[in-house]
Amino acid sequence: MITQIYTVRSPEEALAVAKAGADHLGTFPKSKMGAEGVDGLEMCKKICDALRGVATSVMITLDDTPEECIRQAVYCKPDIVHVCGDEYFATPELCAELKKAVPGIRVMQAIPVSGPESVEMAKKYAEFCDLLILDTNSENVPGIGAAGETHDWNLDKAIVDAVDIPIIIAGGLDPDNVADAIRFVKPWGVD
């Protein structure tokens with residue numbers, strides 16, 4: 001079971017969070033859509049560099065084009081690119097281009113969990129992505145996730161049972177409910 005924590009804002013914070021036990025640490029540049037990230041791509045790169053050999057770095061792409069996603073990945077060299085924007089989803093072509101541009105990189109697609117269609121969507125992305133993160137979609141928050149709202153864990157469990165790649169569950173998890181979510185869903189990781 002891995003633990004993923006977002007949104008680290010400095011190399012020092014990233015290393016402290018990793019030392020406290022987090023396995024995956026995510027960061028992203030400030031978003032054009034208003035989501036709070038770090039100040040610039042240079043800070044993302046510094047965070048990714050600081051985590052090498054310590055924990056897994058995750059760069060979140062929220063509102064950029066696939067071309068911009070690749071450019072940022074080449075510059076920062078994260079271990080994982082987390083695709084979660086409203087503008088585009090991962091494609092087999094994007095995954096192949098990322099892996100060619102940054103050898104060893106993995107691609108994680110965010111799946112908005114809202115109904116039975118989420119299970120079919122997860123199956124589709126599991127064919128070419130390396131990991132999936134299941135999260136709640138909200139009209140009040142840009143992209144997929146970061147709304148702090150729970151969703152139907154039965155759908156999470158159905159996805160975990162249906163695919164053969166690592167699944168991280170998110171969506172309103174906190175100290176009061178995360179143990180129940182883990183027991184019920186049996187994911188690879190929690191966010």
Side-chain angles (χ1 to χ4, degrees), residues 1-8 14 16-28 35 47-48 51 54-62 69 73 78-86 89-92 94-95 98-99 104-138 141-191:
M1 172 74 53
I2 67 101
T3 302
Q4 179 167 275
I5 302 290
Y6 291 166
T7 301
V8 294
V17 174
K19 185 176 181 181
D23 304 291
H24 288 195
L25 291 107
T27 187
F28 63 101
I47 291 167
C48 291
L51 290 172
V54 177
T56 300
S57 61
V58 183
M59 184 184 77
I60 306 163
T61 64
L62 188 58
C69 170
D79 298 306
I80 297 172
V81 169
H82 174 169
V83 182
C84 69
D86 292 323
F89 280 68
T91 63
L94 175 61
C95 291
L98 279 164
K99 290 169 187 271
I105 201 166
R106 293 177 283 164
V107 179
M108 176 168 57
Q109 175 63 56
I111 303 295
V113 180
S114 57
E117 68 280 0
S118 303
V119 179
E120 294 309 310
M121 179 184 232
K123 288 180 187 177
K124 171 187 165 187
Y125 288 98
E127 292 177 13
F128 53 87
C129 291
D130 301 294
L131 309 96
L132 299 176
I133 182 166
L134 312 180
D135 212 335
T136 308
N137 211 19
S138 170
V141 179
I144 300 164
E149 300 170 6
T150 57
H151 54 261
D152 186 349
W153 292 341
N154 289 296
L155 294 168
D156 286 4
K157 182 163 179 32
I159 292 169
V160 166
D161 292 344
V163 303
D164 291 327
I165 64 171
I167 302 291
I168 298 172
I169 61 171
L173 298 179
D174 61 35
D176 294 328
N177 66 10
V178 71
D180 291 337
I182 291 168
R183 275 191 293 276
F184 183 72
V185 178
K186 296 178 180 52
W188 181 74
V190 293
D191 177 281

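By convention here, the first residue in the shown sequence is residue 1.
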Peer 1: In the structure I gave you, are the side-chain heavy atoms of C69 and L98 within less than 4.5 Å of one another anywhere?
Peer 2: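 Counting from C-beta outward, C69 and L98 do come under 4.5 Å.
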Peer 1: Can you see which heavy atom on A73 is nearest to which on I105, and at what distance?
Peer 2: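 Where A73 meets I105 most closely, the heavy atoms are CB-CD1, 4.0 Å.
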Peer 1: What are the two closest heavy atoms between F184 and N154, and how far apart are they?
Peer 2: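 Closest pair (atom of F184, atom of N154, distance): CZ-OD1, 3.1 Å.
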Peer 1: Between the side chain of T3 and the main-chain N/O of A22, is any donor-acceptor distance below 3.5 Å?
Peer 2: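 No, because the side chain of T3 does not come within donor-acceptor range (under 3.5 Å) of the backbone of A22.
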Peer 1: Taking the side chain as C-beta and beyond, is there a heavy-atom pair between R106 and C129 under 4.5 Å?
Peer 2: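 SC-SC contact between R106 and C129 ruled out.
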Peer 1: Which residue, D23, L131, V58, T56, forms the side chain to side chain contact (heavy atoms under 4.5 Å, CB included) with Q4?
Peer 2: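 Among the candidates, only V58 passes.
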Peer 1: Specify the closest pair of heavy atoms between A122 and I111, including all atoms of both residues, with the distance to one decimal.
Peer 2: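 The pair with the smallest heavy-atom distance is CA-CD1, 4.1 Å.
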Peer 1: Less than 4.5 Å apart, any side-chain heavy atom of H82 and any of I168?
Peer 2: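 Not touching, per the 4.5 Å side-chain cut-off.
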Peer 1: I need the I133 CD1 to D191 CG distance, nearest 0.5 Å.
Peer 2: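 CG of D191 is found 4.0 Å from CD1 of I133.
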Peer 1: Tell me the closest heavy-atom pair linking D79 and A55, and the distance in Å.
Peer 2: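 Closest heavy-atom pair between D79 and A55: OD2-O, 3.7 Å.
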Peer 1: So which atom in F89 and which in A110 form the shortest heavy-atom distance, rounded to 0.1 Å?
Peer 2: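 Shortest heavy-atom separation between F89 and A110 comes out as CE2-O, 3.9 Å.
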Peer 1: So how far is it from I60 CD1 to M108 CE, rounded to the nearest 0.5 Å?
Peer 2: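 I60 atom CD1 to M108 atom CE measures 7.5 Å (nearest 0.5 Å).
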Peer 1: Shortest non-hydrogen contact from V54 to A18?
Peer 2: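 Heavy atoms only, the tightest pair is CG1-CB, 3.9 Å.
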Peer 1: Roughly how far apart are D152 CG and L134 CG, rounded to 0.5 Å?
Peer 2: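 So the CG of D152 and the CG of L134 are separated by 11.5 Å.
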Peer 1: I'd like to know if the side chain of Q109 and the backbone of Y125 have a donor-acceptor N/O pair within less than 3.5 Å.
Peer 2: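 No; judged by distance alone, with no hydrogens or angles, the pair does not exist.
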Peer 1: Calculate, to the nearest 0.5 Å, the distance between atoms CG and CD1 belonging to D156 and I169 respectively.
Peer 2: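 That separation rounds to 5.5 Å.
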Peer 1: Could you tell me the separation between the CH2 atom of W188 and the CD1 atom of I165, rounded to the nearest 0.5 Å?
Peer 2: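 Answer for the CH2-CD1 pair, W188 versus I165, is 10.5 Å.
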Peer 1: Donor-acceptor pairs under 3.5 Å, side chain of residues 172-181 to any protein atom, not counting sequence neighbours: which ones?
Peer 2:
residue: D174; atom: OD1; partner: D176; partner atom: N; Å: 2.8
residue: D174; atom: OD1; partner: N177; partner atom: N; Å: 3.1
residue: N177; atom: OD1; partner: D174; partner atom: N; Å: 2.8
residue: N177; atom: ND2; partner: G172; partner atom: O; Å: 3.0
residue: D180; atom: OD1; partner: R183; partner atom: NH2; Å: 2.6

Peer 1: Once rounded to the nearest 0.5 Å, what's the spacing between atom CD1 of I182 and atom CH2 of W153?
Peer 2: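 Reported to 0.5 Å precision, the distance equals 9.5 Å.
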Peer 1: Can you name the one residue among K124, K123, E117 that meets side chain to side chain contact (heavy atoms under 4.5 Å, CB included) with E120?
Peer 2: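 The single option meeting the side chain to side chain contact (heavy atoms under 4.5 Å, CB included) with E120 is K123.
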Peer 1: Between I167 and I159, is a side chain to side chain contact (heavy atoms under 4.5 Å, CB included) present by the stated rule, with each step listed?
Peer 2: CA-CA 8 Å; I167 302 291; I159 292 169; 4.0 Å; yes
Peer 1: Holding to side chain to side chain donor-acceptor pair (under 3.5 Å), I want the full list of residues that pass it with E127, two or more places apart in sequence or in another chain.
Peer 2: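 In terms of side chain to side chain donor-acceptor pair (under 3.5 Å), with neighbours along the sequence ignored, E127 is linked to no residue.
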